[in-house]
There are 2 protein chains.
Amino acid sequence: MSKFAPEKDGAMFSKACEHGIKAIVYIATQSLEGRRVKIGDVVENSGSPEAFTGKILGALTKHNIVNSLTGPYGGFEIAPKRMKEIKVSDIVFAIDGDSVYKGCGLGLSECSNTEPCPVHSKFVKIRNELKKMLETTSIYDLAVGLKSGKTILIR
Amino acid sequence: MSKFAPEKDGAMFSKACEHGIKAIVYIATQSLEGRRVKIGDVVENSGSPEAFTGKILGALTKHNIVNSLTGPYGGFEIAPKRMKEIKVSDIVFAIDGDSVYKGCGLGLSECSNTEPCPVHSKFVKIRNELKKMLETTSIYDLAVGLKSGKTILIR
DNA sequence: TTATTTTAGGACATTTTTATCTTAAATAAG
DNA sequence: CTTATTTAAGATAAAAATGTCCTAAAATAA
Ligand code: FES
Ligand code: FES
């Protein structure tokens, strides 16, 4: 029927963001065991496309979320000491920017308390809870769940 | 810097959904005063593109969310009696489908409690609150706010 | 009936996002 | 220094979402 609802849209994050989070979480599990990983290893375990993931990891490297080394024995790693400091919000911000936290639910040029759109009051509550959730969830938290087998990255 | 974060993405709903909600809310305010409105009037007051909005209203008409009549004195209207029954979730479902409620936060093929992705437990809480919010907010609620001047559709 | 108005809907165009390909740069080992 | 390996990054391609255009169909009134 309707050309809309192509069973694809409506995702909370962009694909780039999804690939980025999965890659970082996998790299973190390996760094916890002292293993530096190559991009091929990353995408094999995250199910994301290799070249695209490379681009995303490049951005995350610039944002100092992950560390990279070129050449033989190179790859990606995250210092275990930093894992509890790095939050999911840092990844989302580096890739999708702050629109997740600041954007208007109906797409108005800006979200305002004094001149709100019809969904503002209820929308802001959800958005703030999402923000708090992302800011209080660390890479370490997610990596531990994956390493223990409680969670998965591919289905 | 990063080619990502083009200051655009990260929106909770698709543009089609945003246009649809704004159009419906405006039509509702007019129907409350017994006025049937033409598409030109709708987009003048919602700030959305006309042809695209026409497509979206076509889908919403099929889903029985709004009523349309062709010909002179035609246009769109919503029976005031139904406004409290029609929820924002109905509009979102008609346009974006159920991925908002069912989709995995990291894009896995399906969201599962028994085999969850790393963000599942925290993500599901937010998603359920969003769902509840959309299911408990009626078109009538939004229309009243707009009619009284407490909220706006264009900025 | 005929002319006019307005939505319906298919075809087409544009923009954005996602993804790939190719070459350059960096690093380490021999 | 040379070679092999790996990330960096620009150019390009494909796919999806957004948006426009044009004709058909429906309804109304004269
Ligand atoms: S103004 Fe629309 S969500 Fe705040
Ligand atoms: S499995 Fe990913 S959100 Fe439920």
Side-chain angles (χ1 to χ4, degrees), chain A residues 1-11 13-20 22-23 27 35-44 46-78 95-97 99 107, chain B residues 1-20 22-23 27 35-44 46-77 95-97 99 107:
Chain A
M1 187 191 286
S2 40
K3 193 249 170 191
F4 304 104
E7 218 56 51
K8 171 74 245 309
D9 188 68
F13 308 117
S14 66
K15 277 289 170 198
C17 215
E18 292 175 359
H19 296 323
K22 289 200 281 188
I27 293 168
R35 282 196 287 274
R36 184 179 296 156
V37 289
K38 305 186 213 320
I39 185 95
D41 187 16
V42 172
V43 303
E44 211 166 281
S46 69
S48 298
E50 179 164 327
F52 195 20
T53 300
K55 282 287 173 63
I56 295 161
L57 283 176
L60 295 176
T61 298
K62 277 189 180 171
H63 277 82
N64 208 37
I65 288 168
V66 63
N67 194 257
S68 74
L69 289 94
T70 56
Y73 295 88
F76 296 91
E77 65 188 0
I78 302 173
I95 299 174
D96 279 355
S99 58
Chain B
M1 188 193 283
S2 40
K3 193 250 170 191
F4 305 104
E7 216 56 51
K8 172 74 247 305
D9 188 67
M12 197 90 81
F13 308 116
S14 67
K15 278 288 170 198
C17 214
E18 292 174 359
H19 296 323
K22 290 201 281 189
I27 293 168
R35 281 195 289 272
R36 185 178 296 154
V37 290
K38 303 186 215 324
I39 185 99
D41 187 15
V42 171
V43 300
E44 212 166 280
S46 69
S48 297
E50 181 163 328
F52 196 21
T53 300
K55 282 287 173 62
I56 295 161
L57 282 176
L60 295 176
T61 298
K62 276 189 180 170
H63 276 80
N64 207 37
I65 288 167
V66 63
N67 193 258
S68 75
L69 290 93
T70 57
Y73 295 88
F76 296 91
E77 66 187 2
I95 300 173
D96 279 354
S99 57

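Scope of the values below: all heavy atoms of this structure, side chains included, with no hydrogens, waters or symmetry mates. By convention in this document, chain letters (A, B, ...) are assigned in the order of the sequence lines, proteins followed by strands, and residues within each chain are numbered from 1. Bear in mind that the values here come from a model prediction, so they are computed numbers and not experimental data.
With distances taken from any side-chain atom of K62(B) to the nucleotides dG9(C), dA8(C), dT7(D), the minimum falls on dG9(C). Between dT7(C), dA4(D), dT20(D), one nucleotide has an atom nearer to the side chain of I39(B) than all others, and that is dT7(C). When the nucleotides dA19(C), dT7(C), dT18(C) are ranked by their closest atom to the side chain of T70(B), dT7(C) comes out on top. Distance from the side chain of F76(B) is smallest to dT7(C) among dT7(C), dA4(D), dA19(C).
Among the heavy atoms of the strands, none lies under 4.0 Å from L57(B). Looking at heavy-atom distances under 4.0 Å, G75(A) makes contact with sugar-phosphate atoms alone, never a base.
If you check distances only, the side chain of K15(B) never reaches the base of dT15(C) with a donor-acceptor pair under 3.5 Å. Judged by distance alone with a 3.5 Å cut-off, a donor-acceptor contact links the side chain of K55(A) to the base of dT20(C).
With contacts defined as side-chain heavy-atom distances shorter than 4.5 Å, the pair C17(B)/M12(B) does not qualify. Put simply, the side chain of V43(A) does not reach to within 4.5 Å of the side chain of F52(A), judged on heavy atoms. Put simply, the side chain of P49(B) reaches to within 4.5 Å of the side chain of H19(B), judged on heavy atoms. Considering only heavy atoms from C-beta on, L69(A) comes within 4.5 Å of E77(A) through its side chain.
Across the protein-nucleic acid pair, R36(B) atom CZ and dT7(C) atom C1' stand 12 Å apart, rounded to whole Å. For the pair F52(A) CZ and dT7(D) C1', the computed distance is 17 Å after rounding to whole Å. In this structure, N67(B) places its CG atom 12 Å from P of dT7(C), rounding to the nearest Å. Distance OH (Y73(B)) to C1' (dT4(C)): 12 Å, rounded to an integer number of Å. In this entry the distance linking CD of E18(B) with C1' of dA17(D) reads 13 Å, nearest Å. Rounded to whole angstrom, the span from the CD1 atom of I95(A) across to the P atom of dT17(C) amounts to 14 Å.
Map L69(A) and T53(A) each onto its nearest nucleotide of DNA chain C; the residue landing nearer the 5' end is T53(A). Where G58(B) and E50(A) each meet DNA chain C at their nearest nucleotide, the meeting point lying more 5' is that of G58(B).
Contact annotation: H19(B) reaches the phosphate of dG19(D) (side-chain N/O to OP1 or OP2, under 4.0 Å). For dT6(D), the OP1/OP2 oxygens have no side-chain nitrogen or oxygen of S68(A) closer than 4.0 Å. Under 4.0 angstrom from either OP1 or OP2 of dT6(D) there lies at least one side-chain N or O belonging to K38(A).
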**Study point:** Test log, rule side chain to side chain contact (heavy atoms under 4.5 Å, CB included), inputs L60(A) and I95(A)
**Key:** CA-CA 8 Å; L60(A) 295 176; I95(A) 299 174; 4.1 Å; yes

